Amino acid sequence: VASYALCPIRSESDNLIIKTILEEWEDEREQAHVVGGGIVPTHYFRFFVPSPSYGEFFSLQPHINFQIKDVIAAITIALATEDSTDAIIERLDEVIADEDQYELDELPPSQTTIDAVKRLLRSMADVGYNNLPKTYISLYHGEIAVTWKTDRNLVRLTFRPNGSIELYRQPNYRDSARGESIPVTVEDNERVAEYIHWLSGVDLGARPERPVHNR
Amino acid sequence: VPAPNDLSITDDTVVYRAYSRKLDEDGRVQAVDFQQRDNEETLSIALTPDKALDDLDVRGYVPMRVGDIRAVHHGDDRCGVIHKPADLDPDYLEVTGITAESAQGFANSFAARAGIPVERPDHRRRIRMARQ
């Protein structure tokens, strides 16, 4: 019986163990039994593996069932290089100052637009996101787009020159072009946090079919 | 109504799309390069890199399989690939079935499925000279 208990995940060696086990599971088992909310952003979870083809994750309540692909997505985003909001803001300034980011006749975003991005990013710490998943920044004729993505899902915040902000998400974006967007304001950090959490594919409403044993 | 789709252009056909933006942090073409440019009426692609680049002020081109374009769906709708109706050169193609509502989603999908971008130094040089 192989048994692992990792909480929290902090080291590269822990990451390697988890990835190896997940790769084995991917072949052997359709569904992993995962316990614990908040893999992203807190990373706190433990798991128990009685055999190479079967395992359970344990953490705090409430416990949740995951498809193995959801676990992989969650781990992927949790273990991807995270950016502190300060680092993201620094990179935002670098991107804006980089002339290679623009078309020949394109003007940079206004200071008002830049300030809105920074304000919302900084406020993410208030909703538990001192660090954010790998963050992609792009510019388009005065717009600033901030994108987070996994292999499956994508979330984008677009700050437009007219002051409006769009929060967009697209599930299974490699195969499906159908996304949905909502208008938000710089005050809507909780909604942005909800969308970033959604990236992991975690369904917080699901419940396990079998009893759960905390270890 | 299904989008026009020329099935004589097989799924294995490789087509090329010009890109003008700096690559993203992963070295991939950004999704905005798969949205229509101001001078485009449809999403243009070509059967050869040179035709894709044309005289545009772009950085390079990215290859993509026609099958990967047709594989993306928006609900029940899918894209098609056809020859440009008004153009005599059969190497110029366009992607059909993209609407204003679906443009952002398709751009994300195409960017995710696109191949390795190829930068053309001569085009890059031209952009730099134009800035001076």
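Small disclaimer: the values here were computed from a predicted structure and weren't measured. Chain A is the first sequence line, chain B the second, and so forth, proteins listed ahead of strands; every chain is numbered from 1.
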At what distance, to the nearest 0.5 angstrom, does [atom1] of [X] lie from [atom2] of [Y]?
{"X": "A:Arg91", "Y": "B:Glu25", "atom1": "CZ", "atom2": "CD", "value": "4.5 Å"}
{"X": "B:Phe106", "Y": "A:Arg178", "atom1": "CZ", "atom2": "CZ", "value": "9.5 Å"}
{"X": "B:Asp24", "Y": "A:Thr147", "atom1": "CG", "atom2": "OG1", "value": "9.0 Å"}
{"X": "B:Asp26", "Y": "A:Lys134", "atom1": "CG", "atom2": "NZ", "value": "3.5 Å"}

- Find the one option among B:Arg78, B:Gln35, B:Gln104, B:Gln30 whose heavy-atom pairs under 4.5 Å with chain A are most numerous.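 So the answer, after comparing B:Arg78, B:Gln35, B:Gln104, B:Gln30, is B:Gln104.
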- Take atom CD of A:Glu90 as the centre, draw a 6.0 Å sphere, and report whether it contains more than 12 heavy atoms from other residues, nucleotides or ligands.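 Check fails, neighbour count at 12 or below.
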- Query: Would the number of heavy atoms belonging to other residues, nucleotides or ligands and lying under 6.0 Å from CD of B:Glu119 be above 12?
  - Reply: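 Yes, the 6.0 Å shell around CD holds more than 12 heavy atoms from other groups.
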- Item | Atom of A:Gln170, atom of B:Ser109 and distance for their closest heavy-atom approach |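 Taking A:Gln170 first and B:Ser109 second, the nearest heavy atoms are NE2-OG, 3.4 Å.
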- Message: For B:Ser20 versus A:Glu103, what's the shortest heavy-atom pair and its separation?
- Response: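 Answer, listing the atom of B:Ser20 first, then A:Glu103: OG-OE2, 2.7 Å.
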- Who passes side-chain hydrogen bond (donor to acceptor under 3.5 Å, both in side chains) against A:Asp105, sequence neighbours left out?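 Checked A:Asp105 against side-chain hydrogen bond (donor to acceptor under 3.5 Å, both in side chains); zero matches.
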- Message: Closer than 3.5 angstrom, by distance alone: can the side chain of B:Arg21 be matched with the main-chain N or O of A:Gln101 as a donor-acceptor pair?
- Response: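 Yes; at least one donor-acceptor contact below 3.5 Å.
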- Item | Contact class of A:Glu143 relative to chain B, heavy atoms under 4.5 angstrom |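 For A:Glu143, no heavy atom lies under 4.5 Å from chain B.
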- Query: Using non-hydrogen atoms only, which part of A:Asn172 is less than 4.5 Å away from chain B: side chain, backbone, both, or neither?
  - Reply: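 For A:Asn172, no heavy atom lies under 4.5 Å from chain B.
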- Message: Just so I understand: if I count every heavy-atom pair under 4.5 Å between each of A:Tyr136, A:Tyr173, A:Tyr140 and chain B, which residue has the most?
- Response: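 Top option by heavy-atom pairs under 4.5 Å: A:Tyr136.
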- Interface moiety of B:Glu101 toward chain A, non-hydrogen atoms closer than 4.5 Å: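 No part of B:Glu101 comes within 4.5 Å of chain A.
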- Task: Under 4.5 Å heavy-atom distance to chain A, tell me which part of B:Ala111 shows up: side chain, backbone, both or neither.
- Result: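 For B:Ala111, no heavy atom lies under 4.5 Å from chain A.
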- Report the C-alpha separation of B:Arg59 and A:Asp100 in whole Å, then their side-chain angles, then the decisive distance to 0.1 Å, and conclude whether the side-chain contact (heavy atoms from CB on, under 4.5 Å) test is met. CA-CA 10 Å; B:Arg59 289 174 170 276; A:Asp100 279 351; 3.0 Å; yes
